[in-house]
Novice: 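One structure follows; several queries about it will come next.
In this chain, residues are counted from 1 in sequence order. In this text the structure is predicted, and so the values were computed from the model without any measurement.
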Amino acid sequence: MSNSAQTSASSRIAALLDENSFVEVGAYITARNTDFNMADQETPADGVITGYGTIDGCLVYVYSQDGTVLGGSIGEMHAKKICNVYSMAMKMGAPVIGLIDCVGLRLQEATDALDGFGKLYACQAMASGVIPQIMAVFGTCGGGMAVSAAMADFTFMEEKSAKLFVNSPNALAGNYTSKCDTAAAAFQSKEAGVADFTGDEASILEQIRSLVSILPSSNEEDLSYGQCQDDLNRMCDGIAGCAGDAVQALSMISDDNFLIEVKKDYEPSMVTAFIRLNGVTVGCVANRTEISGEDGKKENLSAELSGKGCEKAADFITFCDAFNIPVLTLVNVKGYRADICSEKVIARAAGRLTYAYANASVPKVTVVTKEALGSAYLTMGSKSLGADIVYAWEGASIGMMDAEQAAKIMYAKEIEGAEDAVALIQEKAGEYASLQSSALSAARRGYVDDIIKAEETRQRVIAAFEMLFTKSEDRPFKKHGTV
């Protein structure tokens, strides 16, 4: 398979790519630096195997770092090899996959290594939005390499051995590894949100294959379409009971229940996932108010937008828009999370999500499954932000705020002097709900295109995206937005 010695770096490539498809490039390159006795050091392939191959017959470019060669550290030639992979991938319009085991900067090469890192960052920046970039951390991903991982579109981490950090846990004031391992996959996936997927080595490689198989090869050439064997008009029986658990609802809508959830552990009240509809990859954003456990028990979540959730969704929508992937949104939200921590970031985060929806020119379909209240609903892909089609399930609420709360505010004086305040509140709340916060009232004003039965969601959404397939939408000329 390769001119390099058989190491974990090469075996990972063999396990990732189609059998016998890998072609190595730059196998004979070694370190050029001679300072600090580097001339006497053995640096086969300069610690990184680079080349190309196929996944399910589709071209991909790969680099795999070898932690046994100077810790997989990045030096001048090491970085040059990776940059060469990016250059070829950009020309051919194919994804780049990095298999990471790197302690960071190679100290013996100092400014040459720094320049190498800088050129790698520049390659990633130029490739962003042009070709998919995927990184999987199997060992160490330290210092500047952690920045590189954060610049990738999708980052995987091996759940036991992988370490991702800019500063190691023990270097943080008042912290130590046993207290809080900030470099571990659990922290980076649940708290930091850098890791999109975690698992053991075999499952990560399989997940990468699955992800690559549904993504466009570039922003110009889309090879992600597949044959749909599922019934396009299949009814989603029981989906009405999944209004709270958006993951189950999306799985029921998707072809053959296919679903890949992104950043599953990070802010679970906001779901970002890929599904397939009539063989086409669709990006999904959804509010989640409950998680169904394997034992049948349900964990309730807040039906409110959080700062983390908004950031998570905004990044996902931006990726989908860059690669022309249609966006489906399931809405079930009452407002913004009200606590001090959220208040620090929610305005800017919600602004980013609002901008991401409004700026995206791909086909956008929104389904209100339960509640869509206040400006939080506007942020979640509303008609006002440019959603092409908006559906609402029967019985959904769409309006300014909860009807009972609105009644208490609007009729405060009457309620205060009423003999039966509870009955008056219920009466006025019913009137308000009928006139101002029902799906029907929103549809009458054109904010909802149709009120549908929940079980019809799959066929109606598929039909909408088929109609929108040739969508073309101009935007004002500008270099880029600033939100």
Novice: Would you indicate whether the side-chain heavy atoms of I239 and W393 approach each other to under 4.5 Å?
Specialist: yes

Novice: Does a side-chain heavy-atom distance below 4.5 Å link L211 with L215?
Specialist: yes

Novice: Could you walk me through whether T50 and Y61 pass the side chain to side chain donor-acceptor pair (under 3.5 Å) test, one step at a time?
Specialist: CA-CA 8 Å; T50 57; Y61 288 83; over 6 Å; no

Novice: Enumerate the side-chain hydrogen bond (donor to acceptor under 3.5 Å, both in side chains) contacts for residues 340-350, please, sequence neighbours excluded, ordered by first and then second residue.
Specialist: none

Novice: So, taking the atom named CG in D66 and the one named CG in L99, what distance separates them when rounded to the nearest 0.5 Å?
Specialist: 12.0 Å

Novice: Among residues at least two apart in sequence or on other chains, which ones pass side-chain hydrogen bond (donor to acceptor under 3.5 Å, both in side chains) with E290?
Specialist: K298

Novice: Do any pairs count as a salt bridge (Lys or Arg N to Asp or Glu O under 4.0 Å) and have a residue in residues 85-100, sequence neighbours left out, and if so which ones?
Specialist: none

Novice: Using a distance-only test with no angle check, is there a side-chain donor-acceptor pair under 3.5 angstrom linking S302 and E304?
Specialist: yes

Novice: Do the ring planes of F154 and F274 sit parallel (below 30°), tilted (30 to 60°) or perpendicular (above 60°)?
Specialist: perpendicular

Novice: How about V333 and L305: do any of their side-chain heavy atoms sit closer than 4.5 Å?
Specialist: yes

Novice: Sort and list the pairs that fulfil salt bridge (Lys or Arg N to Asp or Glu O under 4.0 Å) and have at least one residue in residues 243-254, not counting sequence neighbours.
Specialist: D245-R288

Novice: Would you list the atom pairs, donor with acceptor, under 3.5 Å between side chains in residues 310-323 and any protein atom, with sequence neighbours excluded?
Specialist:
unit_1, atom_1, unit_2, atom_2, d
E311, OE1, R352, NH1, 2.2
K312, NZ, K263, O, 2.9
K312, NZ, Y266, O, 2.7
K312, NZ, E267, O, 3.3
K312, NZ, M270, O, 2.6
D315, OD1, R352, NH1, 3.4
D315, OD1, R352, NH2, 2.8
T318, OG1, A314, O, 2.9
D321, OD1, S361, N, 2.8
D321, OD1, V362, N, 3.4

Novice: Mind running side chain to side chain donor-acceptor pair (under 3.5 Å) on S213 and D56 for me, showing each step along the way?
Specialist: CA-CA 7 Å; S213 71; D56 290 337; 4.6 Å; no

Novice: Within the structure provided, determine whether M380 and T366 are in side-chain contact (heavy-atom separation under 4.5 Å).
Specialist: no

Novice: Just to verify, what does I55 make a side chain to side chain contact (heavy atoms under 4.5 Å, CB included) with, not counting sequence neighbours?
Specialist: L16, L17, V60, I97, R209, V212

Novice: Please confirm whether the backbone N or O of G116 pairs with a side-chain atom of K80, one donor and one acceptor, at under 3.5 Å?
Specialist: no

Novice: Holding to ring pair (Phe, Tyr, Trp, His ring centres under 6.0 Å), I want the full list of residues that pass it with F197, two or more places apart in sequence or in another chain.
Specialist: F156

Novice: How long is the straight-line distance from CG of L259 back to OG of S254, given to the nearest 0.5 Å?
Specialist: 6.5 Å

Novice: Determine which pairs satisfy salt bridge (Lys or Arg N to Asp or Glu O under 4.0 Å) with at least one residue from residues 146-163, sequence neighbours left out, and list them in order.
Specialist: K163-D181

Novice: What pairs with N332 under side-chain hydrogen bond (donor to acceptor under 3.5 Å, both in side chains), at least two apart in sequence or on another chain?
Specialist: none

Novice: Taking only distance into account, with no hydrogens and no angle test, what donor-acceptor pairs under 3.5 Å do side-chain atoms of residues 122-142 form with protein atoms, sequence neighbours excluded?
Specialist:
unit_1, atom_1, unit_2, atom_2, d
Q124, OE1, S148, OG, 2.5
Q124, NE2, S148, O, 3.0
Q133, OE1, Y86, OH, 2.7
Q133, NE2, Q124, O, 3.1

Novice: What pairs with K370 under salt bridge (Lys or Arg N to Asp or Glu O under 4.0 Å), at least two apart in sequence or on another chain?
Specialist: none

Novice: Are the side chain of N170 and the backbone N or O of T177 linked by a donor-acceptor pair below 3.5 Å?
Specialist: yes

Novice: Can you list the steps and then say if S306 with Y336 is a side chain to side chain donor-acceptor pair (under 3.5 Å)?
Specialist: CA-CA 6 Å; S306 67; Y336 298 109; over 6 Å; no

Novice: With sequence neighbours left out, what residues match K383 under side-chain hydrogen bond (donor to acceptor under 3.5 Å, both in side chains)?
Specialist: D449

Novice: Without swapping roles, check the side chain of S21 against the backbone of T54 for a donor-acceptor pair under 3.5 Å.
Specialist: yes

